[in-house]
Undergrad: 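Sharing a structure below in structure tokens format, with a few things to ask.
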2 protein chains.
Amino acid sequence: MSRRPQTDLAVLGALSVEPMTGYALRAAITSTLGHFWSESFGQIYPALARLEEAGLVGRDEERRFTLTDPGRVRLRELLAEPIERSPARNGLLLRLFFGRTLGREQCIELLQDAVREAGESLATLAAIRAEVEAENSPDRDYFLLTIAAGEAGARAQAQWASSSIASLRQSPDQPHPRD
Amino acid sequence: MSRRPQTDLAVLGALSVEPMTGYALRAAITSTLGHFWSESFGQIYPALARLEEAGLVGRDEERRFTLTDPGRVRLRELLAEPIERSPARNGLLLRLFFGRTLGREQCIELLQDAVREAGESLATLAAIRAEVEAENSPDRDYFLLTIAAGEAGARAQAQWASSSIASLRQSPDQPHPRD
DNA sequence: AGAAACATGTAAAATGTTACATGATTGT
DNA sequence: ACAATCATGTAACATTTTACATGTTTCT
């Protein structure tokens, strides 16, 4: 099965929340969905064109893209499909796995970056959470669910990275192999 | 910058641990690295051919691929490069974000799957951990670091999903929009 | 002898990113 | 008028997956 349905899912889903221009859609995917989803710029307009062709999205008076009734049906279908997992690609863990070659100090630096990054994530998520909690959208509880996932992940990363730094500091630095 | 360096990093790194055939390399990437990295089958042999051409890997008496000295230098270079983050693509969160359309019960099922999955991950990781702890490899401490990351993530996911299920059960199910 | 696993590769198709191109609208 | 932002798209390129193709070795 192609991965295009996943792009369609993101696009139709975003339009189910509110009608938007392609430009706004891109901004929504970058900012709101950005913590757990991404679509590259060059995917969105072709997807919209295809979906419009198929009658799944239309335009309102202000030329914003809207979800049609068939589009809503299609969205439900896509939501019910089994989750396609994207391949794991964690560059940090890949580097730490070969940490003996990279060297202890550099590993510690990477882990410090990870702690900092997790902190930044938590700050961003707190801001988004405040915004979402202020709204009274019917989607609110579900939005908060995804925010909570991000927060849980960030906290786990911060704790893991911190304790990893501590344990690396206790172990002796080994010389690089063959140096 | 192309993403090929990332594939090279995985291949050279794996060979830095021990010499292997391409077949074994693939198995190593699937099983050991599999929790945080993936390379598709069709990438590995072309990468090996390219790296051999460039003199970064060679063959030992048993025709296993080995890391050459220039290869080790290149590996260090690649390890020191900034981490390229791969785009976030979390199908579970994408579906939950549109949970109002998907429906509360289906969301709960997805979350239950997530809890189960996290449990399976923890079991697999525990097995790998036991194996690695038994070894006395110089890479051991770094391997354990990456295992700990997986464990932390899995535990965070299990907790988040469990408490999300509880909170969804408390909120009333809203009818599907426009049904 | 046959099955299963080992081993190496290629080609086509699908996917995805990046850079470029163009014009309208809005605020200063 | 000018800059910034809004808005829509295309084309070239890079990456990745999947399916196919082929032969060897090892175990039963």
Undergrad: Rounded to the nearest Å, what distance is computed from the CD atom of residue B:E84 to the C1' atom of nucleotide D:dT15?
TA: 12 Å

Undergrad: May I have the distance from B:R89 (atom CZ) to D:dT17 (atom P), rounded to whole angstrom?
TA: 12 Å

Undergrad: Expressed in angstrom and rounded to an integer, what is the separation of A:M20 atom CE from D:dC6 atom P?
TA: 14 Å

Undergrad: Please report the distance, rounded to the nearest Å, between CZ in A:R26 and C1' in D:dT5.
TA: 12 Å

Undergrad: State whether B:S40 places a side-chain N or O below 4.0 Å from either non-bridging phosphate oxygen (OP1 or OP2) of D:dT16.
TA: no

Undergrad: Checking side-chain contact (heavy atoms from CB on, under 4.5 Å) for the pair B:N90/B:L94: CA distance, chi angles, key distance, verdict?
TA: CA-CA 6 Å; B:N90 187 324; B:L94 186 65; over 6 Å; no

Undergrad: Spell out, as yes or no, whether a donor-acceptor pair under 3.5 Å connects the side chain of B:T68 to the backbone of B:L56.
TA: yes

Undergrad: With heavy atoms under 4.0 Å as the rule, sort B:R59 into base, sugar-phosphate or nothing.
TA: sugar-phosphate

Undergrad: What contact category does A:T21 fall into here, base, sugar-phosphate, or nothing, at under 4.0 angstrom with non-hydrogen atoms?
TA: sugar-phosphate

Undergrad: Ignoring the backbone of B:T7, work out which of D:dT16, C:dA7, D:dT10 is nearest its side chain.
TA: D:dT16

Undergrad: Would you kindly give the OH-to-C1' distance between A:Y45 and C:dT22, to the nearest whole Å?
TA: 12 Å

Undergrad: Could you tell me how far apart A:L25 (CG) and D:dT8 (P) are, to the nearest whole angstrom?
TA: 10 Å

Undergrad: Calculate the interatomic distance between A:R64 atom CZ and D:dC6 atom P; express it in whole Å.
TA: 16 Å

Undergrad: Just to be sure I understand the rule, does A:G42 reach a base, reach only the sugar-phosphate, or reach nothing, if contact means heavy atoms closer than 4.0 Å?
TA: base

Undergrad: If only atom types and distance count, is the side chain of A:R95 paired as donor or acceptor with the main-chain N or O of A:C107 below 3.5 Å?
TA: no

Undergrad: Among the nucleotides C:dG9, D:dT8, D:dT16, which one has an atom lying closest to any side-chain atom of B:F41?
TA: C:dG9

Undergrad: Whether A:E39 and B:R89 form a salt bridge (side-chain N of Lys/Arg under 4.0 Å from carboxylate O of Asp/Glu) is what I want to check.
TA: yes

Undergrad: Closer than 4.0 angstrom, basic N to acidic O: yes or no for B:R74 and B:E77?
TA: yes

Undergrad: Side chain of A:Y23, heavy atoms from C-beta onward: which of C:dG16, C:dT10, D:dC6 has the nearest atom to it?
TA: D:dC6

Undergrad: Grab the CZ-C1' distance between B:R50 and C:dT10 for me, whole Å please.
TA: 15 Å

